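All values derive from a computational prediction rather than experimental measurement. Counting starts at 1 for both ligands and their atoms, in listed order.
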Amino acid sequence: RYTGLIAKYRDRLPVSDDARPISLGEGNTPLIRLNNIPKDLGCDVDLYVKYEGLNPTGSFKDRGMTMAVTRALEEGSQAIICASTGNTSASAAAYAARAGMKAFVLIPDGKIAMGKLAQAIMHGAEVLQIAGNFDAGMRIVKDMADHAPVTIVNSINPYRLQGQKTAAFEIVEELERAPDYHCLPVGNAGNITAHWIGYCEAAGRRSDHLTDACSFCHGQCRYASAIVGDRPTMVGYQASGSAPFLRGEMVEDPDTVATAIRIGHPQSWDYAWKASQESGGWFDECSDEEILEAQRWLAAREGVFCEPASAASVAGAMRDIRNGKIPEGSTVVCTLTGHGLKDPDIAIQQSANAISTIPAELDAVRSAILDR
Ligand SMILES: Cc1ncc(COP(=O)(O)O)c(/C=C/C(=O)C(=O)O)c1O
């Protein structure tokens with residue numbers, strides 16, 4: 001029986017043998033091979049999506065939260081805190097509830113998807129809506145740690161990265177090789193960093209520059225004997241209105257419909273650049289329109305519903321496959337970081353004309369169907 005990531009990868013995670021894992025059965029998410037979109041593109045690529053929306057709270061954050069909360073509990077912490085664009089707060093609230101701990105979450109006023117807010121509220125977190133954006137919240141949270149007995153569970157907490165690296169383990173186990181390209185949406189840049197750490201470990205190699213990421217765990221990271229010898233090219237996509245990696249500097253007023261990645265001051269800036277450089281990768285940007293089009297396409301052509309930020313990975317990959325930057329014959333994995341149900345408002349706004357209001361009569365339905 002699958003009982004979560006710490007149980008499965010205990011020997012490859014910095015967690016003590018007697019730690020009681022706080023788990024909701026996170027991880028072990030589907031790696032879905034796309035059939036129709038490559039045909040629509042007219043390109044011969046093996047294109048997969050890692051559907052992280054099927055984690056317990058509907059995003060990849062659960063991978064990191066099981067580690068961060070398990071460690072916080074083990075260290076005697078009674079409360080956790082995070083700034084969040086939504087998914088971190090949802091996950092922190094759930095895992096804190098599971099652990100019997102308090103969760104304080106700082107969210108940007110008016111810029112959080114309803115599903116995520118519902119989760120934080122229902123799991124009993126103290127929801128602090130700040131008159132500012134994620135970056136403002138992040139600054140406050142980093143100061144708070146010196147003024148209150150709370151553990152920060154944002155991805156500056158290295159145990160978050162250690163938990164999130166397991167997605168790379170699952171991918172190489174399933175493909176029996178590393179993909180040629182791994183594409184992700186990038187906000188705070190913890191996830192692209194974590195994937196690179198995971199791929200390095202799966203290849204039996206310590207990342208040349210990322211060792212300090214692991215030294216956070218006092219070098220306790222266990223390096224697996226090489227499962228695969230290769231590592232992917234890491235490609236990060238940002239929303240154009242919130243793309244510090246493309247601007248080469250922090251962005252003061254990030255804005256995008258993909259509110260999950262509406263982040264102008266990525267906390268893992270240095271690590272993400274190292275992962276990109278070490279892997280021979282790149283960053284690129286996608287417009288909100290490209291992001292929403294990819295979100296619709298994934299749902300309508302492949303049956304996979306992800307939230308807007310997640311679709312940036314496929315929007316960017318499709319463009320780079322079309323323009324040949326990702327060559328024919330490549331094996332490509334795109335991480336879909338969150339479930340589409342997180343942000344129902346944007347989904348419904350997109351497809352207002354998909355709804356016909358008709359009389360509750362057989363004839364009306366029959367003609368509606370025959371008209372199609
Ligand atoms: C759906 C979704 N897709 C991509 C990202 C970007 O990952 P990182 O580059 O590791 O930050 C996030 C991040 C969200 C938060 O940072 C938060 O919840 O506070 C996300 O929720």
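Looking at ligand 1, you won't find any N or O of Glu307 less than 3.5 Å from one of its N or O atoms. Between Asn188 and ligand 1, a contact under 3.5 Å exists for at least one N or O pair. Every N/O-N/O distance between Ala260 and ligand 1 stays at or above 3.5 Å.
Salt bridge status for Glu290 with Arg319: present, with a side-chain N to carboxylate O gap under 4.0 Å. Classification of Glu174 and Arg33 as a salt-bridged pair fails, no side-chain N sitting under 4.0 Å from a carboxylate O. The existence of a salt bridge linking Lys8 and Glu173 is confirmed by a sub-4.0 Å separation between a basic side-chain nitrogen and an acidic carboxylate oxygen.
Ligand 1 has no atom lying under 4.0 Å from any heavy atom of Ser155. At least one heavy atom of Ile263 sits less than 4.0 Å from an atom of ligand 1. Using a 4.0 angstrom heavy-atom cutoff, Lys342 does not count as in contact with ligand 1. In this structure, Ala189 has a heavy atom closer than 4.0 Å to ligand 1.
Near Val186, the atoms of ligand 1 lying under 4.0 angstrom from a non-hydrogen atom of the residue are 9 (O).
Enclosure of atom CZ in Arg322 by more than 12 non-hydrogen atoms of other residues, nucleotides or ligands within 6.0 angstrom is indicated. Atom CE of Met122 sits in a sparse spot, with 12 or fewer heavy atoms from other residues, nucleotides or ligands closer than 6.0 Å.
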Check your understanding: Between Lys50 and Thr335, does a side-chain hydrogen bond (donor to acceptor under 3.5 Å, both in side chains) hold up when you go through it step by step?
Key -> CA-CA 5 Å; Lys50 183 68 169 164; Thr335 294; over 6 Å; no
